[in-house]
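Both counts, for ligands and for their atoms, begin at 1 and track the order of listing. Heavy-atom basis, side chains included; hydrogens, waters and symmetry copies ignored.
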Amino acid sequence: MSFFPTAVQKFRKFVLDKCSADLGLYLVSLGPCDDAVRFLFPIFAEYCLEEFTDEMKSFEAMISKADLTKPHTWFPFARAMKRRIVYHCGPTNSGKTYEALQRFKEAKKGIYCGPLRLLAMEVFDKMNSHGVYCSLLTGQEKKRVPFANHVACTIEMVSVDEMYDVAVIDEIQMMADATRGFAWTRALLGVKADEIHLCGDPSVLDIVRKICAETGDELEVHHCERFKKLEVEAKTLLGDLKNVKSGDCVVAFSRREIFEVKLAIEKNTNHRCCVIYGALPPETRRQQANLFNDQDNEFDVLVASDAVGMGLNLNIRRVVFYNLSKYNGDKVVPVPATQVKQIAGRAGRRGSRFPVGLTTTLQLDDLAYLIECLKQPFDEVKKVGLFPFFEQVESFAAQLPDLNFPKILAKFAESCRLDGMYFFCKHDHIKKVANMLEKVKGLSLQDRFNFCFAPTNIRDPKSMYHLLRFASDYGQKVPASIAMGMPKGSARNDTELLDLETKHQVLSMYLWLSHQFDYESFPHGKKAEAMATDIADLLGQSLTKANWKPETRQSAGKPKPRKNEDGYDRPKSLITSYKE
Ligand SMILES: Nc1ncnc2c1ncn2[C@@H]1O[C@H](COP(=O)(O)OP(=O)(O)OP(=O)(O)O)[C@@H](O)[C@H]1O
Ligand SMILES: [Mg+2]
């Protein structure tokens with residue numbers, strides 16, 4: 001409340017003038033404490049209602065517009081339906097998605113939604129190969145298959161207007177995700193399907209039960225067990241990557257370490273390594289996964305980040321943790337147990353040549369933590385994520401005509417009211433983009449809101465530069481060009497590989513914008529799609545032959561340090577542990 005400081009000042013004067021000596025002594029005896037607040041606050045509120053009637057009315061109007069309580073009432077149509085919810089609950093690799101997809105396949109009209117484009121593509125391919133016409137809908141791709149009554153989409157693209165017989169919401173535990181959780185909460189509360197199949201671990205089972213009690217939906221739980229137990233290999237690799245074996249997936253938690261591990265394994269053993277990490281486009285991750293799964297080639301080891309934790313069908317015999325700590329944006333912390341379990345659980349896959357899964361660590365010292373993580377029960381989630389729709393932000397903004405978009409968002413987050421089961425999702429990405437676009441003219445509030453959801457790597461200056469350029473063109477009603485050349489060939493060093501990653505990212509953003517906004521503003525969608533496919537191929541070729549020292553995005557492009565006598569600058573941490 002902007003009048004709060006004045007109100008406090010006037011109220012203090014009012015109390016000093018009016019209160020009796022005894023009351024004064026009582027207040028002094030209380031001192032600054034909760035009891036004093038409990039005693040004075042109701043008087044202060046009444047005082048404000050008397051003295052600041054208009055201000056209080058507009059404050060009340062503003063707060064009422066930032067009301068995120070009772071989110072289940074936002075979807076009256078879904079509330080009017082009798083929805084049957086089946087929760088396929090279990091650890092990774094326990095057949096949850098498989099079971100749900102059986103019902104999806106049998107449905108007359110069905111929707112599948114998952115956290116990654118990769119998962120949506122996987123279901124799209126699987127259904128069409130089984131003769132079930134299925135369209136694909138992600139922020140970047142819209143593949144409409146004629147006569148299709150099924151659609152596979154990413155969670156953010158779920159329609160809460162379309163009617164379905166069966167809906168599958170995969171990885172439902174992501175409702176608790178600090179940043180994206182709201183997308184799953186919205187899907188669960190709003191999807192109009194008679195039968196909804198949730199797939200996930202037990203961590204959100206209790207809160208789903210509570211939500212169903214509020215929505216009046218019927219809930220059935222199917223507990224799924226791993227087809228084969230995951231076993232820990234206690235002997236570890238004793239710190240030596242020479243002990244890596246065919247079918248291993250070595251997991252490292254930074255892009256640099258991934259390339260160092262690949263370099264070390266290919267230098268010191270006969271194994272060749274595929275590579276999978278988050279900055280890679282889905283097509284390239286799939287290409288690397290197929291290369292690894294294919295037995296008839298020398299690429300029989302996979303080196304991957306936590307991106308391997310979800311979505312890819314990988315025939316992994318053993319997950320080897322190179323280390324169990326990761327940089328969380330400001331410091332290096334132990335990898336959370338839930339993530340360790342998710343990743344370790346990728347080992348052993350029913351129907352693959354490695355049905356029994358093994359997991360271990362490179363270093364003996366890490367083994368105890370791995371075992372501790374695997375033993376840890378799923379911590380019960382107490383709150384799930386929410387984030388306002390544009391309409392809610394718009395009606396809130398109408399109360400604060402002088403504030404710009406970033407300040408409106410901040411005020412909304414500060415003022416909004418939530419029920420106990422929900423939290424306001426973190427939105428650093430949105431804040432950063434909103435602030436950057438402040439200087440762009442010609443954008444409506446809705447344009448700004450929509451641009452904030454574009455898939456951008458906010459830590460990559462080049463990616464942010466292109467987003468700013470696209471938004472500026474849009475604001476000036478100039479058709480946005482791609483303004484990016486095709487690389488001549490695959491990468492010869494890490495700087496060029498990073499550049500390919502960024503280029504693909506920018507094209508993927510252009511595609512997303514071309515679907516989000518109108519064709520006239522982003523007319524080169526087809527060209528962007530073709531370039532993205534070619535770059536994904538170049539990335540796949542580059543990864544297969546990558547044998548260079550990794551850079552970081554910040555250092556990439558800076559003059560390379562002097563080469564030493566044997567012709568290349570040694571990667572610091574890993575190679576030094578091997579005698580040349
Ligand atoms: N009843 C079954 N018959 C044959 N194959 C199955 C069956 N259930 C699961 N599978 C196969 O086992 C593998 C793991 O199944 P699925 O992907 O459904 O597990 P999940 O619990 O969803 O795993 P994740 O947690 O990793 O998503 C898949 O390759 C799937 O095709
Ligand atoms: Mg699954």
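The N/O atoms of T97, backbone and side chain alike, include one that comes under 3.5 Å of an N/O atom in ligand 1. Distances between N or O atoms of N93 and those of ligand 1 include at least one value under 3.5 Å.
Proximity of R346 to ligand 1 is established by a heavy-atom distance of less than 4.0 Å. Distances shorter than 4.0 angstrom occur between a heavy atom of S94 and an atom of ligand 1. Residue-ligand proximity: E171 is placed with a non-hydrogen atom under 4.0 Å from ligand 1.
Under 4.0 angstrom from ligand 1, there are no non-hydrogen atoms of M310. At a heavy-atom cutoff of 4.0 Å, ligand 1 is contacted by the side chain of R349 but not by its backbone. Residue-level proximity to ligand 1 for N313 is carried by the side chain, the only part with a heavy atom below 4.0 angstrom.
In this structure, R79 pairs ionically with D217, as a charged nitrogen and a carboxylate oxygen lie closer than 4.0 Å. The pair K326-D306 meets the salt-bridge criterion, with a side-chain N (NZ, NE, NH1 or NH2) lying under 4.0 Å from an Asp/Glu carboxylate O. We find that D419 and K383 are not joined by a salt bridge, their nearest charged nitrogen and carboxylate oxygen being 4.0 Å or further apart. A salt bridge links K210 and D206; the closest N-O separation between the charged side-chain nitrogens and carboxylate oxygens is under 4.0 Å. Between K70 and E214 there is no salt bridge, since no side-chain nitrogen of the basic residue lies less than 4.0 Å from a carboxylate oxygen of the acidic one. By the 4.0 Å N-to-carboxylate-O rule, K382 lies close enough to E380 to be salt-bridged with it.
For atom 25 (O) of ligand 1, the closest non-hydrogen atom of the protein is K96 NZ, 2.8 Å. Summary of contacts: the protein heavy atom closest to atom 19 (O) of ligand 1 is G95 N, 3.1 Å. Of all protein heavy atoms, the one closest to atom 12 (O) of ligand 1 is R350 CB, 3.3 Å. For atom 18 (O) of ligand 1, the closest non-hydrogen atom of the protein is Y98 N, 2.7 Å.
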Query raised in the report: For E195 and R83, what are the C-alpha separation, side-chain angles and deciding distance, and is it a salt bridge (charged side-chain N to carboxylate O under 4.0 Å, His left out)?
Result: CA-CA 6 Å; E195 190 180 312; R83 305 185 314 169; over 6 Å; no

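Tested against E233 for a side-chain contact (heavy atoms from CB on, under 4.5 Å), the candidates L367, V320, T360 yield a single pass: T360.
Residue T97 counts as close to the Mg ion (ligand 2), with an N, O or S atom under 2.8 Å.
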Which pairs would a plain distance check flag for residues 107-116, meaning a side-chain donor or acceptor within less than 3.5 Å of a matching protein atom at least two apart in sequence or in another chain?
unit_1 : atom_1 : unit_2 : atom_2 : d
K109   : NZ     : E162   : OE2    : 2.6
K109   : NZ     : M163   : O      : 3.1
Y112   : OH     : D170   : OD2    : 2.7

